[in-house]
Asker: 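Below is the structure I would like to discuss, written out as structure tokens.
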Amino acid sequence: MKATTYRLAGAGLAVALVATSTFAFAEELKGLVVAHEGSKLVVQSGGVDTEVMLTDATKIQIVAGVFGAQRKSRLEADLIPGLAVTVETVQNGGQLDAEKITFKNDDLKNAMAAQAAMAPAKKKLEAAREKLIAAQAETERRLSQVGQFEEKGRTRVFFATGKTAIDDAGKKSLRSIASQAMAMPGASLRVVGFADSTGNATINQRLSNQRASNVTAYLVKACGVPHEKILSPSAMGATVANDAPLGNAQDRRVTVMIMVSKAASGTSHLPQQ
């Protein structure tokens with residue numbers, strides 16, 4: 001009989017030890033909500049982020065009155081970033097479960113006001129991100145077209161040393177190549193800017209980029225070329241160093257090429273200018 005009693009007592013102790021190792025005593029966590037995604041809540045306390053899991057049994061309450069005597073049930077949606085909360089947690093294996101979460105009405109109002117104040121900046125950031133994604137997609141699209149075009153004509157616009165303004169001769173050649181491209185089905189224009197070997201690499205890169213940008217702007221605004229018909233302008237910086245004055249003059253240029261899709265029909269080759 002005594003042996004049986006001892007065995008039963010030992011079994012009960014083992015169950016108790018297992019239960020204790022799985023579910024520890026509740027601990028209180030006070031801090032600010034920094035993230036809430038689904039059933040995961042991240043609370044920052046003392047500079048440390050703690051991840052707490054929301055369960056079906058988690059009670060969420062707003063407290064009011066003296067010593068927080070008045071309590072009303074709230075929804076998980078109220079657990080927004082910036083909200084000061086008190087969380088009663090219990091260890092559940094390798095995670096912390098939230099048994100009860102309480103907060104004050106004033107703290108909820110403050111967190112909501114902070115969220116509203118950040119909304120414009122957040123919206124602007126999201127718009128910038130969407131714009132970047134669209135730009136990356138367009139770049140990938142253009143890169144995928146490499147090898148799908150053949151050149152049908154070209155012209156060159158030359159610039160004075162250190163200058164980016166287009167002279168009358170350059171404007172005339174741009175109007176000419178623009179009209180040729182507009183008459184070709186499936187044609188686009190590729191704009192590439194260059195600089196001579198004078199100056200340092202940074203200045204030359206800036207000059208070639210500005211020259212290509214100015215030529216692109218002229219093609220769109222003055223020549224009526226749709227922006228989508230101009231492939232992304234390129235800036236090549238300085239070309240191969242050439243100390244001869246004539247060579248440098250030839251280097252300070254923007255080359256504009258008519259590129260026609262190989263899939264387009266009815267196109268004809270044009271002589272290079």
Side-chain angles (χ1 to χ4, degrees), residues 127-199 203-240 242 246-273:
R129 181 174 178 273
E130 290 176 0
K131 186 176 180 180
L132 178 60
I133 291 174
Q136 291 173 339
E138 176 63 12
T139 299
E140 291 176 359
R141 185 188 71 81
R142 290 181 185 276
L143 288 174
S144 70
Q145 294 177 335
V146 174
Q148 298 178 18
F149 292 89
E150 55 183 330
E151 184 181 333
K152 297 294 186 178
R154 71 167 57 191
T155 191
R156 295 181 178 89
V157 178
F158 298 102
F159 297 83
T161 302
K163 303 298 182 182
T164 61
I166 306 171
D167 61 17
D168 291 339
K171 292 177 181 178
K172 181 178 179 180
S173 64
L174 290 175
R175 289 194 296 269
S176 175
I177 200 165
S179 63
Q180 294 174 43
M182 296 285 280
M184 292 185 188
S188 296
L189 291 174
R190 174 168 290 154
V191 180
V192 185
F194 299 89
D196 61 26
S197 57
T198 305
I203 293 176
N204 289 333
Q205 186 65 33
R206 187 186 307 126
L207 277 172
S208 61
N209 180 68
Q210 189 60 56
R211 287 166 179 167
S213 296
N214 287 353
V215 166
T216 299
Y218 188 83
L219 289 169
V220 173
K221 297 178 181 178
C223 303
V225 179
H227 195 77
E228 62 270 17
K229 289 293 185 180
I230 300 179
L231 302 175
S232 298
S234 303
M236 304 303 291
T239 53
V240 177
N242 188 339
L246 179 60
N248 280 341
Q250 293 292 317
D251 290 342
R252 298 189 299 270
R253 72 186 188 277
V254 168
T255 300
V256 181
M257 295 164 279
I258 300 176
M259 309 300 292
V260 177
S261 169
K262 292 180 179 179
S265 59
T267 59
S268 59
H269 288 275
L270 292 179
Q272 292 187 354
Q273 298 186 20

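Start at 1 with the first residue, then count along the sequence.
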Asker: At their closest point, which heavy atom of Ile258 faces which heavy atom of Ala181, and how far apart are they?
Answerer: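 Nearest pair, atom of Ile258 first, then Ala181: CD1-N, 4.0 Å.
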Asker: Do Cys223 and Lys171 have side-chain heavy atoms sitting under 4.5 Å apart?
Answerer: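 SC-SC contact between Cys223 and Lys171 ruled out.
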Asker: Would you say the side chain of Ile177 lies within less than 4.5 Å of the side chain of Ser173, judging by non-hydrogen atoms?
Answerer: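 A side-chain contact under 4.5 Å is absent here.
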Asker: Taking side chain as C-beta onward, heavy atoms only, is Glu151 less than 4.5 Å from Met259?
Answerer: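 Yes, at least one pair of side-chain atoms sits under 4.5 Å.
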Asker: Applying the side-chain contact (heavy atoms from CB on, under 4.5 Å) test to Arg211, which of Val192, Val254, Val157 qualifies?
Answerer: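 It is Val254, the one option of Val192, Val254, Val157 that forms the side-chain contact (heavy atoms from CB on, under 4.5 Å) with Arg211.
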Asker: Taking all atoms of both residues into account, what is the closest heavy-atom pair of Met182 and Gly224, and its distance?
Answerer: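 Answer, listing the atom of Met182 first, then Gly224: CE-O, 3.5 Å.
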Asker: Quick one: CD on Gln205 to CD on Gln210, what's the gap to the nearest 0.5 Å?
Answerer: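 Separation between the atoms: 12.0 Å.
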Asker: Write down the atom of Ser208, the atom of Ala195, and the distance for their closest heavy-atom approach.
Answerer: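 Smallest interatomic distance, heavy atoms only, reads CB-N, 4.1 Å.
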Asker: Please name all residues satisfying side-chain contact (heavy atoms from CB on, under 4.5 Å) with Arg206, sequence neighbours left out, ordered by chain then number.
Answerer: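 For Arg206, the residues satisfying side-chain contact (heavy atoms from CB on, under 4.5 Å) (neighbours in sequence not counted) are Thr202, Ile203.
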Asker: Does Thr216 reach the main-chain N or O of Ala212 with its side chain, forming a donor-acceptor pair under 3.5 Å?
Answerer: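 Checked: pair present.
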Asker: Taking all non-hydrogen atoms of both residues into account, name the closest pair between Val225 and Ala178 and its distance.
Answerer: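 Reported closest heavy-atom pair: CG2-CB, 3.7 Å.
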Asker: If I take atom CE from residue Met184 and atom OG from residue Ser179, how far apart are they, to the nearest 0.5 angstrom?
Answerer: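 Interatomic distance, Met184 CE to Ser179 OG, rounded to 0.5 Å: 9.5 Å.
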Asker: Taking the side chain as everything from C-beta on, heavy atoms only, tell me whether Tyr218 gets closer than 4.5 Å to Arg175.
Answerer: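 Contact flag for Tyr218/Arg175 side chains = yes.
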Asker: In a table with atom names and distances, give each donor-acceptor pair under 3.5 Å that connects a side chain of residues 160-167 to protein atoms at least two apart or in another chain.
Answerer:
unit_1: Thr161; atom_1: OG1; unit_2: Arg252; atom_2: NH1; d: 3.3
unit_1: Thr164; atom_1: OG1; unit_2: Asn214; atom_2: ND2; d: 3.4
unit_1: Asp167; atom_1: OD1; unit_2: Ala169; atom_2: N; d: 3.3
unit_1: Asp167; atom_1: OD1; unit_2: Gly170; atom_2: N; d: 2.7

